[in-house]
Amino acid sequence: MELEIQVNSAIVERKICYDSRIVEHKCKLLQIERQKVVLLHKIEQSFSMMAGQKKKTIPKGSYTIAYYWMDRPYNLYFWRDEKGNYIGAYFNIVRNTKAADKIIVFEDLIIDVLVLPNGEHFILDEDELPEPLEKFENGYVQKALNSLLDVMSELIQNIKAETEMVLGVNNTTNFV
């Protein structure tokens with residue numbers, strides 16, 4: 001990994017969408033390890049998403065703690081509200097995650113997984129695929145999704161504990 005940046009410095013997350021659009025967010029670098037980068041992004045505008053019949057809203061003032069692994073086919077947005085309470089998680093199925101000076105880049109492969117605080121999860125955006133999931137990208141996305149689903153519950157629990165330690169979360173004070 002070629003990330004020559006200090007922890008707590010500004011860094012850009014660049015998502016290359018499947019249709020080649022580019023979406024960028026300014027973040028703060030929280031952690032760098034050999035195959036993992038962790039960023040923090042404050043939610044400046046609330047947003048909602050539908051999962052089945054349920055609507056999940058991430059309120060303004062919340063935080064995304066974003067995990068990027070260079071050696072995994074997914075990344076994770078772990079959400080906490082302004083008091084540090086866990087409010088949900090969102091996995092992107094991705095490829096070609098790379099970290100370079102002041103930027104982290106990944107290619108988004110449409111399929112996402114929303115995880116609610118109670119552990120219930122929803123596979124999103126399958127209707128946006130240009131072909132059936134099992135054929136999309138020669139089966140890569142289906143395989144990546146299956147590998148994620150196999151470890152997702154344990155990973156969420158580990159990340160929940162890690163974010164509490166890294167951010168000093170408690171329910172009575174702001175953590176950033």
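In this text, all values refer to a predicted model and were calculated from it rather than measured experimentally. Just so you know, residue 1 is the first one in the sequence shown, and it goes up from there.
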Gap separating the CG atom of Leu29 from the CG atom of Leu39, nearest 0.5 angstrom: 6.0 Å

Student check: side-chain heavy atoms of Ile87 and Pro59 closer than 4.5 Å: yes

Any donor-acceptor N/O pair, Lys28 side chain to Lys42 backbone, under 3.5 Å: no

With Asn118 via side-chain contact (heavy atoms from CB on, under 4.5 Å) - residues at least two apart: Leu116, Glu120

From CG (Asp108) to CD1 (Ile16), nearest 0.5 Å: 10.0 Å

Min side-chain heavy-atom separation Val141-Ile110 under 4.5 Å: no

Minimum side-chain heavy-atom gap Lys54-Phe122 below 4.5 Å: yes

Residue Asn138 excluded, over 12 heavy atoms near CG under 6.0 Å: no

Which atom of Val37 lies closest to which atom of Met70, heavy atoms considered: CG2-CE, 3.9 Å

Salt bridge flag under 4.0 Å for residues Arg80 and Glu164: yes

pair Asn75-Ile104: side-chain heavy atoms closer than 4.5 Å: no

Euclidean distance, Tyr67 OH relative to Asn158 CG, rounded to 0.5 Å: 10.0 Å

With sequence neighbours excluded, residues passing side-chain contact (heavy atoms from CB on, under 4.5 Å) with Ser20: none

Validation row: Gln45, Lys60 side chains within 4.5 angstrom (heavy atoms): no

Val113 and Val115, any side-chain heavy atoms less than 4.5 Å apart: yes

Single-linkage hydrophobic cluster, 4.5 Å side-chain cutoff, Leu129 and Met50 together: no

Name of the residue among Tyr140, Trp69, Phe106 meeting ring pair (Phe, Tyr, Trp, His ring centres under 6.0 Å) with Tyr74: Trp69

Point-to-point distance, once rounded to the nearest 0.5 Å, from CG of Leu30 to CG of Leu40: 5.0 Å

Ion pair Asp19/Arg21, N-O distance below 4.0 Å: yes

Contact check, side chains of Leu149 and Phe91, non-hydrogen atoms, under 4.5 Å: no

Tyr90 and Trp79 aromatic ring geometry - parallel, tilted or perpendicular at 30°/60° bounds: tilted

Inter-residue atom distance Ser147.OG - Arg72.CZ, 0.5 Å rounding: 9.5 Å

Whether Asn92 side chain and Val94 backbone form a donor-acceptor pair below 3.5 Å: no

Under 3.5 Å: donor-acceptor pair, side chain of His41, backbone of Ile65: no

Parallel, tilted or perpendicular, as decided by the 30° and 60° cut-offs, for the rings of Tyr68 and Tyr77: perpendicular

Pair listing, side chain to side chain donor-acceptor pair (under 3.5 Å) test, anchored in residues 124-137, at least two apart: Tyr18-Glu137, Arg95-Glu137

Spatial distance of atom CG (Leu155) from atom CG (Asp150) [nearest 0.5 Å]: 12.0 Å

